[in-house]
Amino acid sequence: MLQTMFAGTTFAQLAFLGIAAFVAGLARGFSGFGAALIFMPLASAIAGPRIAAPLLLVIDGFGALGMIPNAWRQAHKRDVVVMAAGAVIGVPLGAAFLAYADPLLVRWLIIVLVILLLMLLMSGWRYHGKPSDAITAVVGLVAGLFSGTAQAGGPPIVAYWLGGAIPFHIVRANIVLYFAVSTVFSVVSYAVGGLFVTAVVAPALATGPLYLLGLNLGSRLFGRADERLFRRVCYGLIAMAAILGLPLLDPLLR
């Protein structure tokens with residue numbers, strides 16, 4: 001039965017996708033972001049970006065519901081609202097590109113995007129200027145573009161919010177709450193773009209529990225595990241995902 005969940009996909013490929021979902025959930029649960037940088041290159045190599053992005057949107061949207069109450073209590077809500085205002089424009093534009101651009105082009109763009117965002121994270125660069133509503137909204141627009149295309153809007157927000165004096169737990173709460181809002185934008189945009197197809201349902205049922213398991217474990221590790229060590233491990237996993245997700249390596253995964 002599992003072998004029929006993806007048309008033409010083997011059990012080994014499905015297991016590989018499940019492992020990717022678990023690791024992506026672990027990163028998301030710990031830091032509040034990072035799932036797309038791990039999951040999207042790998043899932044796109046197996047199912048294509050037009051299945052991978054809605055798939056991640058579905059399993060993350062349901063899986064992250066439990067993180068919202070705590071984020072609501074800790075987040076700076078006004079900052080989240082301003083950031084989300086930019087995403088109102090960015091998410092539909094990114095979703096339109098995902099829906100209508102050539103899938104192979106989208107895959108290469110995802111790989112390039114993941115590598116660039118990984119370099120941004122590893123560089124340690126942070127925005128240290130004075131925050132303003134205009135800049136916050138622009139960052140939200142850019143993050144929305146990345147989210148609409150590949151559900152990868154976290155790194156620009158992290159680079160922006162972590163540059164100030166905001167404690168990490170509040171930044172994490174801001175990110176979680178922002179993604180809760182942008183998920184609504186993505187759902188509407190993907191629905192309009194015809195990206196919610198029946199082919200998404202079966203893999204969501206197969207990978208969702210593993211993603212949720214990773215998400216819960218990552219949330220439990222937050223505040224307990226060494227943040228720097230965990231971050232380095234995540235960087236390595238993101239780099240590995242980008243390499244394995246290269247279209248040139250499709251014979252190994254398909």
Side-chain angles (χ1 to χ4, degrees), residues 24 27-40 53 56-57 60-61 64 67-68 70-72 74-98 106 109-190 227 231 234-235 238 242:
R28 171 84 153 97
F30 186 87
S31 64
F33 73 100
L37 302 184
I38 295 172
F39 186 78
M40 282 299 297
L56 180 58
L57 177 63
D60 182 72
M67 300 171 67
I68 295 176
N70 188 54
W72 178 264
Q74 296 183 345
H76 290 172
K77 299 178 185 61
R78 185 183 182 282
D79 293 342
V80 174
V81 169
V82 176
M83 183 78 72
V88 170
I89 300 173
V91 169
L93 291 176
F97 180 80
L98 175 65
V106 175
L109 179 64
I110 288 173
I111 296 296
V112 172
L113 180 61
V114 167
I115 292 173
L116 291 177
L117 292 178
L118 175 60
M119 292 172 62
L120 173 64
L121 293 172
M122 292 181 66
S123 72
W125 182 87
R126 300 293 183 262
Y127 175 77
H128 295 292
K130 184 178 180 180
S132 68
D133 288 351
I135 297 175
T136 302
V138 170
V139 173
L141 189 151
V142 173
L145 279 170
F146 293 169
S147 291
T149 304
Q151 295 300 303
I157 299 173
V158 169
Y160 178 66
W161 269 333
L162 276 184
I166 305 175
F168 180 72
H169 72 279
I170 294 180
V171 172
R172 179 178 179 271
N174 284 357
I175 294 171
V176 170
L177 193 58
Y178 165 80
F179 276 127
V181 177
S182 69
T183 292
V184 176
F185 303 156
S186 292
V187 167
V188 174
S189 299
Y190 281 19
E227 181 186 333
R231 185 166 56 242
C234 284
Y235 291 165
I238 292 169

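What you see below is based on every heavy atom in this structure, not just the backbone, and it leaves out hydrogens, waters and symmetry mates.
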Novice: Write down the atom of Ala150, the atom of Ala36, and the distance for their closest heavy-atom approach.
Specialist: O-CB, 3.4 Å

Novice: Which pairs, with at least one residue in residues 170-179 and sequence neighbours excluded, count as a side chain to side chain donor-acceptor pair (under 3.5 Å)?
Specialist: none

Novice: Going by side chain to side chain contact (heavy atoms under 4.5 Å, CB included), name the residues that satisfy it together with Trp125, two or more places apart in sequence or in a different chain.
Specialist: Leu120, Ser123, Tyr127, Ala159

Novice: Output all residues satisfying side chain to side chain contact (heavy atoms under 4.5 Å, CB included) with Leu141, sequence neighbours left out; order by chain, then residue number.
Specialist: Ile89, Leu145

Novice: With sequence neighbours left out, write down each residue that passes side chain to side chain contact (heavy atoms under 4.5 Å, CB included) with Ala53, or none if nothing qualifies.
Specialist: Met40, Leu98, Tyr190

Novice: Is there a side-chain contact between Leu118 and Leu37, using heavy atoms and a 4.5 Å cut-off?
Specialist: no

Novice: Kindly indicate, with the supporting measurements, whether the criterion side chain to side chain contact (heavy atoms under 4.5 Å, CB included) is fulfilled by Phe97 and Leu93.
Specialist: CA-CA 6 Å; Phe97 180 80; Leu93 291 176; over 6 Å; no

Novice: Any idea which heavy atoms bring Ala71 and Ala173 closest together, and the distance?
Specialist: CB-O, 3.6 Å

Novice: So which heavy atom on Ile38 is nearest to which on Ala27, and how close?
Specialist: CD1-CB, 4.0 Å

Novice: If you compare all heavy atoms of Pro156 against all heavy atoms of Val139, which two are closest, and at what distance to 0.1 Å?
Specialist: O-CG1, 3.9 Å

Novice: Is any side-chain heavy atom of Leu113 less than 4.5 Å from a side-chain heavy atom of Thr149?
Specialist: no

Novice: Say whether, by atom type as modelled, one donor and one acceptor occur between the side chain of Ser189 and the main chain of Ser186 under 3.5 angstrom.
Specialist: no

Novice: So which atom in Tyr235 and which in Met122 form the shortest heavy-atom distance, rounded to 0.1 Å?
Specialist: CD1-CG, 3.6 Å

Novice: Out of curiosity, Phe179 CZ to Arg28 CZ, how far, rounded to the nearest 0.5 Å?
Specialist: 6.0 Å

Novice: Can you run down the salt bridge (Lys or Arg N to Asp or Glu O under 4.0 Å) pairs that involve residues 132-157, sequence neighbours left out, and say none if there aren't any?
Specialist: Arg78-Asp133

Novice: A side-chain contact here means heavy atoms from C-beta on lying under 4.5 Å apart; do Gln151 and Asp60 qualify?
Specialist: no

Novice: Please determine which of Ile175, Leu177, Val176 meets the side-chain contact (heavy atoms from CB on, under 4.5 Å) test together with Met67.
Specialist: Val176

Novice: Looking only at heavy atoms, which two atoms of Ala152 and Leu117 are closest? And how far apart?
Specialist: O-CD1, 3.6 Å

Novice: Calculate, to the nearest 0.5 Å, the distance between atoms OG1 and CD1 belonging to Thr183 and Ile68 respectively.
Specialist: 7.5 Å

Novice: Using the side chain to side chain donor-acceptor pair (under 3.5 Å) rule, collect all pairs that involve residues 134-144, keeping only residues at least two apart or in two chains.
Specialist: Thr136-Tyr160

